[in-house]
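If you're wondering where the values come from, they're calculated on a predicted model, not measured in any experiment.
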Amino acid sequence: MKVSQKASSRHLAARLLCAASVAVLAVGSAQAQEAPAADTGAEEAAGDEIIVTGFRQSLEAALNVKRDSVAAVDAIVAEDIAKFPDQNLAESLQRIPGISISRDAGEGRSITVRGLSSQFTRVRVNGMETIATSVDGASANRDRAFDFNVFASELFSSLVVRKTAEASLDEGSLGAVVDLNTGNPLAGKSGFTGAASLVGSYNDLSEKVGPRVAGLLSWRNDAGTFGASVSAAYSNTKTLELGNNTVRWAQARFDSVNGVNCFTTANSGGTYNAGNAACDQATLAFHPRIPRYGEVAHDRERLGVTGSVQFAPTDSTKLSIDALYSKFDAVREEKWGEVLLRSNERSINLINPVYDSNNNMISATLNDAWVRTEHYKRKSSTEFYQVGGTWDQDLSDSFRFTLTGGVSKSNADIPVETTIIFDDRDAQGYSFDYTNMAFPKLTFGTSVTDPANFQLAEIRDRPSNVTNRFKTAQLRTEWDIADGFTVKAGAVWRRFNFDLEAYTRDTAVCGNGGTSLVTSTSGTIACSPSSLFGPTAVYGFPVTAALSEMFTLGKAGQPAGNTNSWLVPNLAASAAFTGLYSRPLANDTGNIRGVQETTKGAYLQFDAKGDVLGLEYALNAGIRYAKTDQSSYGLVSGVNATVTRSYEDWLPSANLALFPTDNLILRAAIADVMTRPTLGSLTPGGSADGFNFRVTSGNPFLEPYRATNIDLAAEWYFAPQALLSVAWFKKDVKTFTQSASLTGATFAQTGLPLSVLSPSSPAALNPALLTQPIWTLSTTVNGSGATLKGWEVAAQIPFKVFTEGFFGNFGIIANATIIDSNANFNLQGPITVARQANGSLGALTPVALTNTLSNVSKRAYNGTFYYDDGTFSGRVMVSYRGRYHEGASGTGNLLEGYGATTNLDASLRYKLTEWLELSVEGNNLLDTYRYRFTDFDADRNYENNHFGRTFLFGARMKI
């Protein structure tokens with residue numbers, strides 16, 4: 001079934017030429033790829049020329065990329081082939097002003113640019129936009145965000161971050177466009193060149209060693225007309241994540257408090273005794289939903305291969321073919337010991353609760369508690385490939401074109417995502433103490449090491465797959481009309497496909513009485529009614545030693561007196577016993593969906609340089625047009641529904657650079673930009689209830705995020721390899737998306753066909769009800785806009801500016817980003833009534849508040865202190881990211897997010913010969929904990945985990 005809509009975006013061409021005041025630095029990927037890759041070694045004097053090599057050469061090459069651009073750009077260039085300065089691309093990017101990263105399993109995964117999350121950043125590999133999606137982590141990436149942990153850093157020669165827009169630059173970013181560039185064989189030396197590295201990686205928490213191997217081989221003929229290169233990288237790492245978790249905090253009514261019954265009937269049924277001060281205080285306070293300690297083990301294996309062939313038969317023609325393949329396999333295994341307060345408070349007796357000033361129940365003892373241990377394992381595999389071709393042709397001295405095209409695919413597959421659960425639903429004497437919110441004490445009163453106390457109560461398996469595909473073709477032309485004046489024009493066609501499939505085998509062993517819902521190898525069991533409590537209740541299979549294994553918690557920051565050993569399910573034995581993998585798959589309806597976007601666009605841009613009244617300038621100004629045809633599908637009441645629509649954007653932009661002196665650059669930029677809506681929000685999937693006149697779904701008619709960006713900057717290149725800069729930026733975002741419910745609507749407003757309704761429902765039987773304003777629509781809508789502005793300050797200072805000799809080999813790289821933003825949020829806040837007139841617990845209270853934009857840290861700092869004399873080099877790197885929230889939370893909490901983090905890394909390299917170098921590196925030397933909160937102001941613990949220090953030691957050879 002299909003419905004369609006055509007929407008036209010605003011036309012902003014009138015603002016084009018008045019925007020001729022832009023910039024802050026940018027360069028094309030070709031420039032970054034062709035940055036010279038020098039040999040490591042000492043500085044050498046050739047006549048009066050000083051040749052800089054090693055780490056300082058990479059800094060100078062990156063500054064040249066920045067300095068030579070008209071738009072706002074920052075870059076990181078490899079010191080040499082197969083020698084990127086960091087072990088992870090995201091961790092390299094965090095060294096750039098305005099960029100912060102999110103970590104997963106202790107390594108960088110995604111980036112935030114100037115306060116805007118990875119959703120608002122476009123990534124291109126060798127000039128082609130693409131999405132790489134991994135699935136390892138607390139949750140799979142099912143959106144437009146790019147996962148940098150898919151790739152080995154050794155495969156890349158440079159990263160270029162474009163912070164301001166140009167008409168000739170692909171649209172789709174409110175934050176930045178990031179170019180990842182692999183090798184460029186024609187830019188190398190003639191003959192064969194190559195490099196290989198062998199590194200061992202040791203994590204002090206897992207106490208495991210894994211290999212990291214990389215190699216590159218390149219060849220170019222003497223004439224410089226043909227070149228080819230191939231590179232490969234392999235790594236295997238085993239790390240641990242240890243800590244605690246609450247799965248949020250919540251409010252609920254308990255069975256009793258300090259021996260006083262809160263209900264007229266124990267455990268279930270009856271009426272709540274409103275007005276009892278102790279019961280009401282416990283009800284309205286927030287308590288941890290699932291307090292627990294545990295371990296998450298990560299086993300990650302990466303293989304990456306790149307290949308490039310370039311042919312330049314004449315000075316006017318160059319043909320290039322680039323290919324990239326990456327395979328990222330991961331196993332995530334979790335073991336938890338917990339109490340499931342969530343939804344079970346009604347049967348729990350509360351003893352000696354203690355409350356803090358934020359209305360948190362920070363400690364208590366629980367009787368008749370629902371003790372649970374669980375064992376989780378997910379196997380995932382991401383395969384990424386990209387093949388692209390480029391034809392660069394000079395038709396004359398003044399006219400040239402570039403034709404590019406290619407395909408990419410990212411396939412993230414989860415064949416196994418299994419959880420087995422043991423329960424003890426009448427445990428006594430459990431206590432939690434969150435006086436130290438980050439490191440609680442959790443103590444089990446009933447033995448959690450005796451199989452006789454547990455029953456195998458629940459089994460889960462949730463296989464899924466996310467596939468992203470890109471196809472693109474683009475023509476770019478340049479015409480030098482006069483000295484210092486160039487016209488650029490081009491056209492692009494791009495198609496993006498996102499497809500998600502998810503299924504479940506989840507079930508509880510017992511329903512509400514009767515026989516078990518799961519058949520084991522020994523048959524079924526007679527289950528008790530769910531209202532039965534106590535040691536005689538049957539809600540699962542008896543646990544035996546053969547179905548279980550012992551777990552002992554390591555160094556998770558837990559205090560003395562914590563329970564550190566408990567029984568967990570043996571996954572293989574329990575899955576076989578319950579026949580889990582032979583159970584039929586059921587649709588996870590909300591996660592069977594997809595989007596196809598086809599973009600057709602064109603641009604016109606004018607580049608000029610010269611001088612006015614003796615002041616040298618360079619500028620570009622132009623407009624980009626993009627038409628997006630979108631088709632979204634999803635399951636609506638079990639029926640596959642497809643919605644199509646289209647919209648247009650006119651995106652003017654301008655960049656201006658002024659050169660008051662040879663070493664001073666003043667920049668300005670202005671642009672209208674857009675980012676397409678999140679993929680999860682675009683699905684029409686959901687449910688249509690023709691009995692209660694309610695439709696819950698995504699919103700395939702969402703408008704894109706649109707903003708006007710303004711940037712100003714000053715850069716002083718006061719010495720070779722040196723820079724002092726300051727930049728100011730402002731993003732006036734016209735709209736963000738937010739959840740909303742609309743009452744008093746008609747069914748026609750949903751845009752859905754009648755076939756999604758149950759044929760027996762009143763709405764289907766009486767068409768007159770379809771046009772009446774009696775429907776409630778729950779969906780995602782375009783909400784009010786927001787403003788973000790901030791400052792970036794950066795310094796790159798080689799001590800050679802001040803002194804020669806030993807101290808001249810030192811240097812500092814530092815930057816700071818300060819951001820001010822505000823956005824309005826409409827959230828569901830705390831319950832304020834313990835008992836309503838109808839006897840039920842009060843509802844969540846609507847709360848409107850103003851806070852920073854999601855994912856925005858007000859402060860971020862990065863610093864590197866280095867030494868490099870050509871033979872020996874060392875670096876110490878520190879990065880700080882301030883506290884930030886990720887948006888709406890749940891269960892009455894407001895705005896959950898992460899606490900501030902400080903990470904310290906270091907590296908040492910020693911060049912034994914011209915062809916052999918030894919290295920030692922240390923990552924996360926402070927063993928920083930990642931603290932996550934559930935409520936921004938109340939600071940309730942969501943999780944607090946650490947990943948250990950990682951040490952790398954190895955050798956690198958080159959030919």
Nearest 0.5 Å, what's the [atom1]-[atom2] distance between [X] and [Y]?
X    : Y    : atom1 : atom2 : value
F148 : L89  : CZ    : CG    : 7.0 Å
F498 : N468 : CZ    : CG    : 6.5 Å
T683 : L635 : OG1   : CG    : 8.0 Å
S100 : I819 : OG    : CD1   : 7.0 Å
R162 : T121 : CZ    : OG1   : 14.0 Å
N620 : S653 : CG    : OG    : 6.5 Å

Between the side chains of [X] and [Y], is a donor N or O closer than 3.5 angstrom to an acceptor N or O?
X    : Y    : result
N822 : T850 : no
T112 : N855 : no
T708 : K734 : yes
N126 : T182 : yes

Flag, side chain of [X] to backbone of [Y], donor-acceptor distance under 3.5 Å:
X    : Y    : value
Q596 : D499 : no
S157 : N181 : yes
N815 : E792 : no
S158 : I76  : no
S326 : F151 : no
R124 : V177 : no
S173 : F120 : yes

Over all atoms of both residues, closest heavy-atom pair of [X] and [Y]:
X    : Y    : result
A823 : A786 : CB-CB, 3.9 Å
D607 : K488 : OD2-NZ, 2.9 Å
A90  : I101 : O-CG2, 3.2 Å
K730 : T787 : CE-CG2, 4.0 Å
T817 : G98  : OG1-N, 2.8 Å
V161 : V178 : CG2-CG2, 4.3 Å

Please examine the side chains of [Y] and [X], heavy atoms only from C-beta on, and report whether any two atoms are closer than 4.5 Å.
X    : Y    : result
L319 : T390 : no
E129 : T472 : no
L619 : F606 : no
S102 : Y884 : yes
D170 : Q474 : yes
Y603 : E166 : no
L116 : Y705 : no
I670 : N709 : no

Can you name the residues that form a ring pair (Phe, Tyr, Trp, His ring centres under 6.0 Å) with F825, not counting sequence neighbours?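 H885.
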Over 60° means perpendicular and under 30° means parallel, so tell me whether Y625 and W650 are parallel, tilted or perpendicular.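 It falls in the tilted class, 30° to 60°.
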Note: R67-E715 ion pair, threshold 4.0 Å (strictly below):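 A salt bridge is absent here (no side-chain N lies under 4.0 Å from a carboxylate O).
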Here's a test for you: under side-chain contact (heavy atoms from CB on, under 4.5 Å), which of D322, D179, T130 qualifies with V125?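 The side-chain contact (heavy atoms from CB on, under 4.5 Å) with V125 is passed solely by T130 among D322, D179, T130.
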Before you tell me yes or no, could you show the steps for F384 and Q386 under side chain to side chain contact (heavy atoms under 4.5 Å, CB included), namely the whole-Å CA-CA distance, both residues' side-chain angles and the distance that decides it to 0.1 Å? CA-CA 7 Å; F384 174 91; Q386 176 176 296; 3.9 Å; yes
Run the numbers on M128 and L324 for side chain to side chain contact (heavy atoms under 4.5 Å, CB included), then give the verdict. CA-CA 12 Å; M128 284 178 49; L324 171 64; over 6 Å; no
Salt bridge (Lys or Arg N to Asp or Glu O under 4.0 Å) with E171: which of K627, R122, R624, R706?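 Of the listed residues K627, R122, R624, R706, the salt bridge (Lys or Arg N to Asp or Glu O under 4.0 Å) partner of E171 is R624.
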Is there a side chain to side chain contact (heavy atoms under 4.5 Å, CB included) between R667 and N655? Walk through the geometry before answering. CA-CA 7 Å; R667 303 182 184 275; N655 292 267; over 6 Å; no
Can T486 and K609 be said to form a side chain to side chain contact (heavy atoms under 4.5 Å, CB included), step by step? CA-CA 9 Å; T486 300; K609 60 183 178 179; over 6 Å; no
More than 12 non-hydrogen atoms from neighbouring residues, nucleotides or ligands closer than 6.0 Å to CH2 on W493, yes or no?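 Counting other residues, nucleotides and ligands, CH2 of W493 exceeds 12 neighbours.
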